[in-house]
Protein chains: 2
Amino acid sequence: MPADDQDLAALCARLGRRLADAERPILDAHELSMWDYVVLSHLARAPAGTQLALARAIRYDKTRLIALLDGLEAAGLITRAPDPADRRAKVVALTPEGEARRAGVQREIRAMEADALGALPEAERARLRRALARAVDAVGRTPRASG
Amino acid sequence: MPADDQDLAALCARLGRRLADAERPILDAHELSMWDYVVLSHLARAPAGTQLALARAIRYDKTRLIALLDGLEAAGLITRAPDPADRRAKVVALTPEGEARRAGVQREIRAMEADALGALPEAERARLRRALARAVDAVGRTPRASG
DNA sequence: TATTGTTATACTCTATAACTATA
DNA sequence: TATAGTTATAGAGTATAACAATA
């Protein structure tokens with residue numbers, strides 16, 4: 001299959017779904033859902049912010065985020081502290097355990113990626129990651145109709 | 001946001017979701033669902049096959065495919081003919097109207113992609129598409145655990 | 001009056017099991 | 001007996017509306 005004449009969205013969806021399938025057993029082993037990992041990854045990258053800011057950043061519904069954070073908090077991976085500046089808001093932050101769990105999962109995922117894309121030379125894998133990152137930034141800077 | 005240190009699956013998901021969001025209004029205008037378009041696109045590329053083969057090729061549940069094909073058939077975009085070799089099976093094929101609809105939608109989607117990724121030079125867009133296609137092929141050739 | 005976190009409810013999408021007709 | 005298509009049902013995932021506390 002050439003797969004070269006397909007739309008970008010279709011190509012992204014196919015590659016994304018395959019990689020997500022390969023991630024699942026890793027996440028399962030560490031007792032994390034896909035969205036759990038998305039939250040931990042974002043907290044590791046962004047300064048601690050409010051729940052609403054987090055929901056918007058990862059494009060997840062704020063109502064669904066509640067139960068997710070409940071689980072992560074009960075597992076000791078994050079903390080929810082009241083914001084001194086605005087007592088309605090709660091600031092979410094990663095615990096050392098949360099960061100350790102996240103780092104371990106990421107290491108395994110990177111190894112899986114290298115294995116899954118083994119047919120591609122190392123240099124091309126890095127190029128693909130950079131190209132994807134640039135594309136994400138590019139579409140991000142063009143806030144379309146729904147924005 | 002650098003977005004360069006993220007996992008491949010996360011990058012694919014983010015770019016894919018944004019592009020899918022941008023596709024929706026186009027598909028809506030042509031009265032097609034995302035999966036409708038996936039089916040039409042596959043039929044345009046692959047020789048007419050059975051329903052089960054189609055479901056497997058696009059990785060869609062065979063039971064959900066029924067209602068989808070019902071709609072496409074009622075709209076005159078595809079045909080379902082009994083396979084003379086195996087009277088249990090039905091061969092799905094694109095009608096001229098179906099191909100015209102598909103081509104029109106694809107043209108608009110390509111224009112949308114060029115617009116959404118306008119910040120990226122044309123050459124890099126083409127490189128991204130090729131890199132994604134090669135990556136899809138690469139993971140496809142490594143049938144993992146669940147396979 | 002508007003907003004943050006929360007809960008409860010309704011809706012959509014997806015997966016499982018069971019049926020028919022052919023093989 | 002197994003398979004292609006089909007149907008009906010149950011389950012997970014998602015979105016919408018309403019509420020309490022604070023701004």
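Each chain gets a letter, A, B and so on, in the order its sequence line appears, and its residues count up from 1. A quick note: this is a predicted structure, and the numbers were derived from the prediction, not measured.
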When the side chains of residues 82-90 of chain B are checked against the rest of the protein, which donor-acceptor pairs come out under 3.5 Å, sequence neighbours left out?
from    : atom 1 : to      : atom 2 : distance (Å)
B:Asp83 : OD1    : B:Ala85 : N      : 2.9
B:Asp86 : OD1    : B:Arg88 : N      : 3.0
B:Asp86 : OD1    : B:Arg88 : NE     : 3.2
B:Asp86 : OD2    : B:Arg88 : NH2    : 3.0

Nearest whole angstrom, please: distance from the [atom2] of [N] to the [atom1] of [X].
| X | N | atom1 | atom2 | value |
| --- | --- | --- | --- | --- |
| A:Leu69 | C:dT6 | CG | P | 8 Å |
| A:Lys90 | D:dA23 | NZ | P | 14 Å |
| A:Leu65 | C:dG5 | CG | P | 9 Å |
| A:Gln51 | D:dA21 | CD | C1' | 14 Å |
| A:Leu68 | C:dT6 | CG | C1' | 15 Å |
| A:Ile66 | D:dA18 | CD1 | C1' | 14 Å |
| A:Arg59 | D:dT14 | CZ | P | 15 Å |

- Hey, does the side chain of B:Arg80 come within less than 4.0 Å of D:dT6's phosphate (OP1/OP2), counting only N and O? yes
- Is the count of non-hydrogen atoms from other residues, nucleotides or ligands lying under 6.0 Å from A:Arg80 atom CZ greater than 12?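 Count over threshold, so yes.
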Do the side chain of [X] and the main chain of [Y] share a donor and acceptor less than 3.5 angstrom apart?
| X | Y | value |
| --- | --- | --- |
| B:Arg18 | A:Val136 | no |
| A:Arg129 | B:Asp7 | no |
| A:Glu23 | B:Ala9 | no |

- Which letter, B, S or -, goes with each nucleotide of nucleotides 13-23 of chain C from 5' to 3', with contact meaning a protein heavy atom under 4.0 Å? -SSBB---BBS
Kindly list each side-chain donor-acceptor pair under 3.5 angstrom involving residues 57-67 of chain B, sequence neighbours excluded, with atom names and distances?
from    : atom 1 : to      : atom 2 : distance (Å)
B:Asp61 : OD2    : B:Thr63 : OG1    : 2.8

- Identify, with sequence neighbours excluded, every residue that meets side chain to side chain contact (heavy atoms under 4.5 Å, CB included) alongside A:Glu124. A:Leu120, A:Pro121, A:Arg127, B:Arg134
- Item | Those residues that, when tested against A:Ala53, pass side chain to side chain contact (heavy atoms under 4.5 Å, CB included) (two or more places apart) |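 For A:Ala53 the side chain to side chain contact (heavy atoms under 4.5 Å, CB included) partners, ignoring immediate neighbours, are A:Thr50.
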- Message: Once pairs are restricted to Watson-Crick or G-U wobble with both distances under 3.5 Å, how does DNA chain D read as a dot-bracket string, [ ] for crossings and | for other-strand pairs?
- Response: |||||||||||||||||||||||
- B:Leu15 to A:Cys12 - nearest heavy-atom pair and separation: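 Heavy atoms only, the tightest pair is CD2-SG, 3.6 Å.
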- Indicate, with a heavy-atom threshold strictly under 4.0 Å, whether B:Leu52 touches base, sugar-phosphate, or nothing. sugar-phosphate
